Asker: 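Before I ask anything, here is the structure I am working with.
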2 protein chains.
Amino acid sequence: MKFEAVTIKDIAKALGVSTSTVSRALRDSYEISPETKQMVIECAERLNYRPNPIAQSLKEKRTRSIGVVVCEIANNFFSQIINGIESIAYDKGYNVIISQSHESYEREIMDLQYLTSRSVDGLLISLSTETSDVSHLKALNEKGLPIVLFDRVSSEINAPSVVIDNFKGAYEATEHLILNGYRRIAAISNSEFLSISNERIAGYKQALENYGIAVDPQLIKHCFYGGMIYSEIEEAVNELMILKEKPDAVFTASDKLTTGCLKTIKRRGLRVPEEIAIIGFSNTEIAELIEPHLSVIRQPALEMGQSAIQLLLQQIESKRPITQIEKRVLSPELILGASSLPRKLS
Amino acid sequence: MKFEAVTIKDIAKALGVSTSTVSRALRDSYEISPETKQMVIECAERLNYRPNPIAQSLKEKRTRSIGVVVCEIANNFFSQIINGIESIAYDKGYNVIISQSHESYEREIMDLQYLTSRSVDGLLISLSTETSDVSHLKALNEKGLPIVLFDRVSSEINAPSVVIDNFKGAYEATEHLILNGYRRIAAISNSEFLSISNERIAGYKQALENYGIAVDPQLIKHCFYGGMIYSEIEEAVNELMILKEKPDAVFTASDKLTTGCLKTIKRRGLRVPEEIAIIGFSNTEIAELIEPHLSVIRQPALEMGQSAIQLLLQQIESKRPITQIEKRVLSPELILGASSLPRKLS
DNA sequence: ATCGTTACCGGCAACGATTGCGTAAAAAAA
DNA sequence: TTTTTTTACGCAATCGTTGCCGGTAACGAT
């Protein structure tokens with residue numbers, strides 16, 4: 001398939017027919033006699049012919065490949081999503097081209113440029129932290145490139161999306177802490193520019209309000225890079241712990257933040273949950289191994305990936321542009337461990 | 001870039017020159033006058049022209065894309081490797097097409113078929129557990145497809161490779177256990193068909209022998225799917241724990257095996273390291289959060305990915321076939337925690 | 001005998017970019 | 001002024017595949 005690839009011409013020459021005939025025979029056209037078809041198909045098999053997808057792409061203006069942009073591959077949540085995407089794409093004969101934005105707006109633009117220049121048939125993207133202006137995506141979408149947003153979305157783009165019910169996840173986690181007796185609950189979240197971040201903080205606030213606890217802005221920390229840089233988390237935790245009224249619990253809004261926060265807490269020698277309880281978003285598969293067992297809000301990452309690519313393929317393979325913009329909302333799951341056990345009053 | 005992509009023809013028409021002139025001007029050919037070049041370049045920018053890589057591929061018989069086959073994306077070790085691959089590929093203008101074999105030989109064959117039919121310029125692969133026959137890869141390689149093997153390799157294929165010094169990692173881990181006073185050291189490893197598995201077990205055995213400890217076959221367990229199926233590990237541990245002479249320590253030979261084994265041990269309520277010590281290969285970023293802190297052999301995954309793609313690009317971009325088959329060996333790193341602390345004699 | 005169908009198949013062009021070859025015009029050499 | 005050289009560009013083929021148009025033979029109908 002590399003140097004001496006067999007082409008339709010070789011078959012034509014071998015059989016003494018025209019390339020058009022071969023092409024049609026292979027595509028099972030009605031205007032080719034059964035005998036010729038038979039002959040062509042046999043010859044193709046004998047020569048181990050594989051159609052050249054490059055040439056097909058050039059003609060048909062489709063590449064059967066889709067682009068995926070995430071901030072980071074080496075991340076439980078995103079690698080699980082990619083797993084979901086890949087599995088379905090594979091079944092449908094599409095291939096997946098992966099790019100990382102590393103949370104950089106510029107890099108995201110570059111990625112997109114690159115992917116579109118490679119003529120992907122569609123795009124799956126979770127926005128970078130730095131991305132506040134989405135006009136590049138809007139432009140692409142309006143030009144007719146099928147796009148599906150997932151996880152970190154933007155309402156400005158008129159495209160289907162798959163998200164987690166972030167509000168609910170955060171609300172339930174916070175409520176759980178409240179019901180277990182915690183009152184000064186801190187929140188550590190990603191950049192405030194991120195959709196997911198705001199929704200999660202909103203859920204957190206709503207829970208506090210519903211239970212008559214005042215929201216204290218001092219207790220809300222944002223880590224711009226979402227914990228990609230560990231010192232960011234460390235600083236946030238430190239700032240919380242030097243408060244006059246220290247928090248008795250903390251809610252963390254992402255995977256890296258959760259593990260990073262716990263790491264800092266442990267390094268400071270604080271006992272969990274006695275001195276500070278913790279619950280957070282995380283897709284780690286080893287919450288059970290962490291001491292104390294970590295209470296987590298788990299996101300259905302695999303399903304998210306599958307949903308996203310399904311929506312995309314649906315869009316790609318439908319002839320007419322979709323008018324109905326579907327927005328799928330998946331529910332996160334609360335998995336309770338010992339890190340948020342009922343508060344023991346001392 | 002989707003519907004009304006600007007082509008070289010559009011520029012030619014707009015400027016009243018031929019497409020060849022445009023092409024040559026854009027490629028900075030010496031036979032185009034500076035003024036014309038200037039004009040063409042300006043026009044190209046104005047129209048936001050992007051060369052169509054599909055057409056280029058068809059002509060140049062290269063796609064600037066490389067295929068990657070791993071058993072599983074959602075795995076710390078492999079996602080870190082992919083991160084390394086992607087970062088360098090991106091810089092060099094290549095894109096990365098990812099496939100998962102899910103440890104299945106058949107699926108691996110399919111993946112390969114798919115990737116080669118997409119005319120990737122090169123291939124990066126870590127063999128599936130089930131793969132014992134590598135003739136498909138040999139054939140591909142001999143046909144001229146540049147291949148680099150990583151992690152799970154086969155000596156039958158005449159291609160560059162990047163591996164971890166598995167023997168050393170296992171040896172040092174086992175030695176560490178011995179020096180800390182453990183004597184009945186069990187080993188849980190992947191399928192015995194896997195190169196890495198054998199090397200790690202060999203290192204384990206060598207360490208035992210060097211310290212005058214007899215190798216007990218009963219203490220060596222193989223999990224065919226390397227822990228993809230949790231029950232496999234559970235069973236292995238259970239078998240070890242019903243032995244008359246129970247092990248006092250266990251060495252685990254992969255990420256999933258390590259965490260899975262610890263999970264089982266914890267579920268059985270065994271104290272670590274008092275009742276059983278553990279050390280194993282793992283690339284988790286949160287070993288520190290695990291109680292007791294997990295002693296791990298950490299593999300330089302990012303570097304492995306980077307090394308592999310460098311070797312591949314080197315091969316792709318060199319005119320003549322490489323005669324020197326390079327085999328890079330990276331050193332694993334022992335990171336000691338509390339799970340393998342010196343044995344307290346009771 | 002002529003015409004219209006039907007069944008089959010080939011030629012040509014096109015997708016977008018690149019390139020060897022040819023050549024007109026300009027510049028240099030005679 | 002004529003010849004040669006250089007400069008600068010166009011033509012057409014090519015990569016592998018497919019779509020459109022057209023053509024031919026065979027056959028039955030008129």
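By convention in this document, chain letters (A, B, ...) are assigned in the order of the sequence lines, proteins followed by strands, and residues within each chain are numbered from 1. This structure is a prediction, so every number in the text was calculated from the model and none was measured.
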Asker: Establish, from distance only, whether the side-chain atoms of A:T63 and A:D121 form a donor-acceptor pair under 3.5 Å.
Answerer: yes
Asker: Would you say that B:N95 contacts A:Y114 through its side chain, given a criterion of any heavy-atom pair below 4.5 Å between the two side chains?
Answerer: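 In contact.
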Asker: Taking the six-membered ring of B:Y90, is NZ or CZ of A:R107 closer than 6.0 Å to its centre and within 45° of its axis?
Answerer: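 Here A:R107 passes the 6.0 Å and 45° test against B:Y90.
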Asker: Would you mind reading off the distance between A:R62 atom CZ and D:dT17 atom C1', rounded to a whole angstrom?
Answerer: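 Result: 15 Å.
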Asker: Any base atoms under 4.0 Å from B:V17, or only sugar-phosphate, or nothing? Heavy atoms, all strands.
Answerer: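 Counting heavy atoms under 4.0 Å across all strands, the contact made by B:V17 is with sugar-phosphate only.
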Asker: So A:V68 and A:I125, do their side chains get closer than 4.5 Å, heavy atoms only?
Answerer: no
Asker: Mind checking whether A:L140 and A:I147 have side chains closer than 4.5 Å, heavy atoms only?
Answerer: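 Yes; the side chains approach each other to less than 4.5 Å.
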Asker: OP1, OP2 of D:dC15 versus side-chain N and O of B:S57: anything below 4.0 Å?
Answerer: no
Asker: Between the protein and nucleotides 15-21 of chain C, which nitrogen or oxygen pairs come in under 3.5 angstrom?
Answerer:
unit_1: C:dC15; atom_1: OP2; unit_2: B:K9; atom_2: NZ; d: 2.8
unit_1: C:dC15; atom_1: O3'; unit_2: A:K61; atom_2: NZ; d: 3.1
unit_1: C:dG16; atom_1: OP1; unit_2: A:K61; atom_2: NZ; d: 2.9
unit_1: C:dG16; atom_1: N2; unit_2: B:A55; atom_2: O; d: 3.4
unit_1: C:dA17; atom_1: OP1; unit_2: B:Y49; atom_2: OH; d: 2.8
unit_1: C:dA17; atom_1: OP1; unit_2: B:N52; atom_2: N; d: 3.1
unit_1: C:dA17; atom_1: OP2; unit_2: B:I8; atom_2: N; d: 2.5
unit_1: C:dT18; atom_1: OP1; unit_2: B:R27; atom_2: NE; d: 3.2
unit_1: C:dT18; atom_1: OP1; unit_2: B:Q56; atom_2: NE2; d: 3.0
unit_1: C:dT18; atom_1: OP2; unit_2: B:S23; atom_2: OG; d: 3.1
unit_1: C:dT18; atom_1: O2; unit_2: B:K59; atom_2: NZ; d: 3.2
unit_1: C:dT19; atom_1: OP2; unit_2: B:R27; atom_2: NH1; d: 3.3
unit_1: C:dG20; atom_1: O6; unit_2: B:R24; atom_2: NH1; d: 3.2
unit_1: C:dG20; atom_1: O6; unit_2: B:R24; atom_2: NH2; d: 3.0

Asker: Nearest whole angstrom, please: distance from the P of D:dG16 to the CZ of B:R118.
Answerer: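 Roughly 17 Å, once rounded to whole Å.
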Asker: Please evaluate residues A:Y105 and A:H136 with respect to the criterion ring pair (Phe, Tyr, Trp, His ring centres under 6.0 Å), reporting the C-alpha separation (whole Å), side-chain torsions for both, the decisive distance (0.1 Å), and the verdict.
Answerer: CA-CA 11 Å; A:Y105 174 66; A:H136 53 299; 5.5 Å; yes
